[in-house]
Amino acid sequence: MNLRQIEVFHAIMVTGSVTAAARMLNVTQPAVSTILKHCESQLKMPLFVRLGGRLQPTKEAEALFRGVSEI
């Protein structure tokens with residue numbers, strides 16, 4: 001993961017949504033979605049489960065978030 005991907009992942013975890021993360025980072029929602037998609041592809045695992053339009057972090061995402069939060 002590069003720094004921008006970590007920023008986007010952290011923003012999604014903190015805000016709970018791609019739209020709110022985009023607002024927080026002052027970028028568009030499609031940009032955040034694209035970065036998240038690339039990140040999940042690079043890691044070869046989903047970080048979020050999409051349920052009813054909401055993102056639910058996976059166990060792997062929660063573990064990654066703990067590591068990212070320590071930085």
Side-chain angles (χ1 to χ4, degrees):
M1 288 178 73
N2 64 37
L3 183 57
R4 187 60 172 167
Q5 290 171 328
I6 292 170
E7 277 182 319
V8 166
F9 169 73
H10 186 267
I12 294 169
M13 289 294 288
V14 169
T15 64
S17 78
V18 171
T19 303
R23 270 188 251 122
M24 179 180 171
L25 297 170
N26 199 30
V27 297
T28 66
Q29 178 271 326
V32 170
S33 293
T34 299
I35 292 169
L36 176 59
K37 188 180 293 187
H38 284 124
C39 185
E40 289 178 325
S41 175
Q42 194 174 43
L43 293 172
K44 296 179 174 49
M45 71 174 116
L47 295 174
F48 298 92
V49 177
R50 285 118 179 119
L51 298 172
R54 308 287 268 163
L55 293 180
Q56 298 294 321
T58 62
K59 290 180 183 177
E60 293 83 4
E62 291 173 0
L64 181 61
F65 183 65
R66 284 190 294 274
V68 166
S69 295
E70 291 176 7
I71 295 175

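Note that the structure is predicted; figures quoted are calculated from it, not measured. Only heavy atoms go into these numbers, but all of them, side chains included; no hydrogens, no water, no symmetry mates. Residues take their numbers from the sequence shown, with the count starting at 1.
- Atom CD1 of residue I35 and atom CG of residue N2 lie 8.0 Å apart, to the nearest 0.5 angstrom.
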Worked check of side-chain contact (heavy atoms from CB on, under 4.5 Å) between R4 and V27 | CA-CA 12 Å; R4 187 60 172 167; V27 297; 3.2 Å; yes
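- Between V8 and L25, the closest side-chain pair of non-hydrogen atoms falls below 4.5 Å.
- Residues L55 and M45 fall within the same hydrophobic cluster, defined by Ile, Leu, Val, Met, Phe, Trp and Tyr side chains chained together at heavy-atom separations under 4.5 Å.
- For the atom pair CG of L36 and CD1 of I12, the computed distance is 4.5 Å after rounding to the nearest 0.5 Å.
- Residues satisfying the side chain to side chain contact (heavy atoms under 4.5 Å, CB included) criterion with L64, sequence neighbours excluded, are M1, F9, L43, L47, V68.
- Counting non-hydrogen atoms of other residues, nucleotides and ligands closer than 6.0 Å to CZ of R54 gives a total of 12 or fewer.
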Between H38 and Q5, does a side-chain contact (heavy atoms from CB on, under 4.5 Å) hold up when you go through it step by step?
-> CA-CA 8 Å; H38 284 124; Q5 290 171 328; 4.1 Å; yes
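- Under the 4.0 Å criterion applied to side-chain N and carboxylate O atoms, E60 and K44 are not assigned as salt-bridge partners.
- A donor-acceptor pair under 3.5 Å is formed between the side chain of T15 and the backbone N or O of A11.
- Residues satisfying the side chain to side chain contact (heavy atoms under 4.5 Å, CB included) criterion with A63, sequence neighbours excluded, are R66.
- For the atom pair E7 CD and M24 CE, the distance stands at 9.0 Å (nearest 0.5 Å).
- The two residues A61 and M13 come nearest to each other via the heavy atoms O-CE, 4.1 Å.
- To the nearest 0.5 Å, atom CD of residue Q56 and atom OG1 of residue T58 are 10.5 Å apart.
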Give the intermediate values and the outcome of side-chain contact (heavy atoms from CB on, under 4.5 Å) for residues H10 and S69.
-> CA-CA 8 Å; H10 186 267; S69 295; 4.3 Å; yes
Any chance you could lay out the side chain to side chain donor-acceptor pair (under 3.5 Å) test for Q29 and S33, step after step, and finish with the verdict?
-> CA-CA 6 Å; Q29 178 271 326; S33 293; 2.7 Å; yes
